[in-house]
Amino acid sequence: MSDYRFFDRLRPDAAAERRAIIAGLLADSPAIAPKHFYDSVGCALFEAICELPEYYPTRSERTIFDEHRAEIADAIGAGRQFVDLGAGDCRKAETWLPHLEPSRYIAVDIAGDTLARALARMAPEFPALELTGIVADFTRGLDLRADLGVWPTAFFYPGSSIGNFVPDDARHFLSDIHLHCIAAEGSGLLIGVDTKKDRQRLAAAYDDALGVTAAFNRNVLRHVNSIVGTDFDPAAFAHVAFYNEQQSRIEMHLAARSAQRVRIDGTSRDFATGDLIHTEHSYKYAPAEFTTLLHEAGFASVRLWQDHARDFAVYWAA
Ligand code: TRP
């Protein structure tokens, strides 16, 4: 009987998480961290975003993987343990398993239900592979030492999720991964990162015609209501997304459509029409810039693959 192991590392932090969300909502410039997008509705909407014509990153990354699969697999090497950071439905990692023949697959994500469903689906398909799910918030630091041991590890961080950190935090996070890598020779990081391009195309990728991204953004208010008991009305906020060229980042915000008062943990906050709640940054990196970031994080060797249009970049850093 095929099976998988499953660890929930999120629960112990629940009280601290509540406090962090409330502090964010009451700050001078209110903000909600992007990890809170991913309740079950948010996960489903994000899967839909990845299918949208405007959202090119998923397709461009898939093209790079498909066109260079053998060469990338060769760079990584067979028999590593494969650690999927932000695994979601595990579909991206699944395409690599036959090529990497990992010793085990460790999927890490903040969305426990989606992760458990994915592993249950995979278990009968990969009966010989040891499958582990870890529910964790690795934006608070990546300490997987107990789970990873000292086996050579291929980390997998696709989808330009690294762009959702500000660059200093991204460097920090990459350094944490590098620390894991130096513990076992033959380890490295396969990472997908969006590139800079025409601002209209960038903005459209985060503000699609159907309004799926708008729904995804506004859904974070429902999720926050359920975690900390606020009474946000998602219909009372509008989706705002634009490319900030100076900072090389997409910014996503929620804008109050009218003056309103929101109950927050025994107090309240007034929003005037147009007041913003920041929900996400998505930084874009030219390949030379991201290569520098990987070097600064400690990686000595960096290989790069791109699609023909250079819309996206995939790096193997070791
Ligand atoms: N890592 C993805 C990105 O920055 C996440 C993402 C894509 C996203 N589209 C989004 C997050 C829309 C929030 C809203 O591209």
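Read the numbers this way: they start at 1 and go in the same order the structure lists the ligands and their atoms.
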Engineer: Measure the distance from atom 1 (N) of ligand 1 to every protein heavy atom, then report the residue, atom name and distance (to 0.1 Å) of the closest one.
Structural biologist: N164 OD1, 3.0 Å
Engineer: Can you tell me if G159 has a non-hydrogen atom under 4.0 Å from ligand 1?
Structural biologist: yes
Engineer: Look at atom 12 (C) of ligand 1 and say which protein heavy atom is nearest, naming residue and atom and giving the distance to 0.1 Å.
Structural biologist: T213 CG2, 3.5 Å
Engineer: Do the side chain of T132 and the main chain of I106 share a donor and acceptor less than 3.5 angstrom apart?
Structural biologist: no
Engineer: Just by modelled atom types, is the T213 backbone N or O under 3.5 Å from a matching donor or acceptor in the D208 side chain?
Structural biologist: yes
Engineer: Going by heavy atoms in the side chains, are L52 and V212 under 4.5 Å from each other?
Structural biologist: yes
Engineer: Any salt bridge linking R201 with D198? Criterion: basic side-chain nitrogen under 4.0 Å from a carboxylate oxygen.
Structural biologist: no
Engineer: For atom 14 (C) of ligand 1, grab the closest protein heavy atom and report residue, atom and distance to one decimal in Å.
Structural biologist: M252 CE, 3.0 Å
Engineer: Regarding atom 7 (C) of ligand 1: of the candidates F37, Y38, Y283, Y55, which has the closest heavy atom?
Structural biologist: Y55
Engineer: Within the side chain of D194, is there an N or O that forms a donor-acceptor pair under 3.5 Å with the backbone of F312?
Structural biologist: no
Engineer: Can G163 be said to touch ligand 1, with heavy atoms closer than 4.0 Å?
Structural biologist: no
Engineer: Looking only at non-hydrogen atoms, which of E54, H281, E280 approaches atom 8 (C) of ligand 1 most closely?
Structural biologist: E280
Engineer: With a cut-off of 4.0 Å, which atoms of ligand 1 are near a heavy atom of S160?
Structural biologist: 1 (N)
Engineer: Once you measure the plane-to-plane angle for Y157 and F165, does it fall in the parallel (<30°), tilted (30-60°) or perpendicular (>60°) bin?
Structural biologist: tilted
Engineer: Show the atoms of ligand 1 that are less than 4.0 angstrom away from any heavy atom in S282.
Structural biologist: 3 (C), 4 (O), 15 (O)
Engineer: Calculate, to the nearest 0.5 Å, the distance between atoms CE and OH belonging to M122 and Y4 respectively.
Structural biologist: 11.5 Å
Engineer: What protein heavy atom lies closest to atom 6 (C) of ligand 1? Include the residue and the distance to one decimal.
Structural biologist: F46 CE1, 3.4 Å
Engineer: Is E251 salt-bridged to R249, cutoff N-O under 4.0 Å?
Structural biologist: yes
Engineer: Which of the listed options, Y206, Y56, F216, holds the heavy atom that is closest to atom 9 (N) of ligand 1?
Structural biologist: Y206
Engineer: At a 4.0 Å threshold, what atoms of ligand 1 neighbour a non-hydrogen atom of S161?
Structural biologist: 1 (N)
Engineer: Under 4.5 Å between any side-chain heavy atoms of F271 and V262, yes or no?
Structural biologist: yes
Engineer: For P57, is the nearest heavy atom under 4.0 Å from an atom of ligand 1?
Structural biologist: no
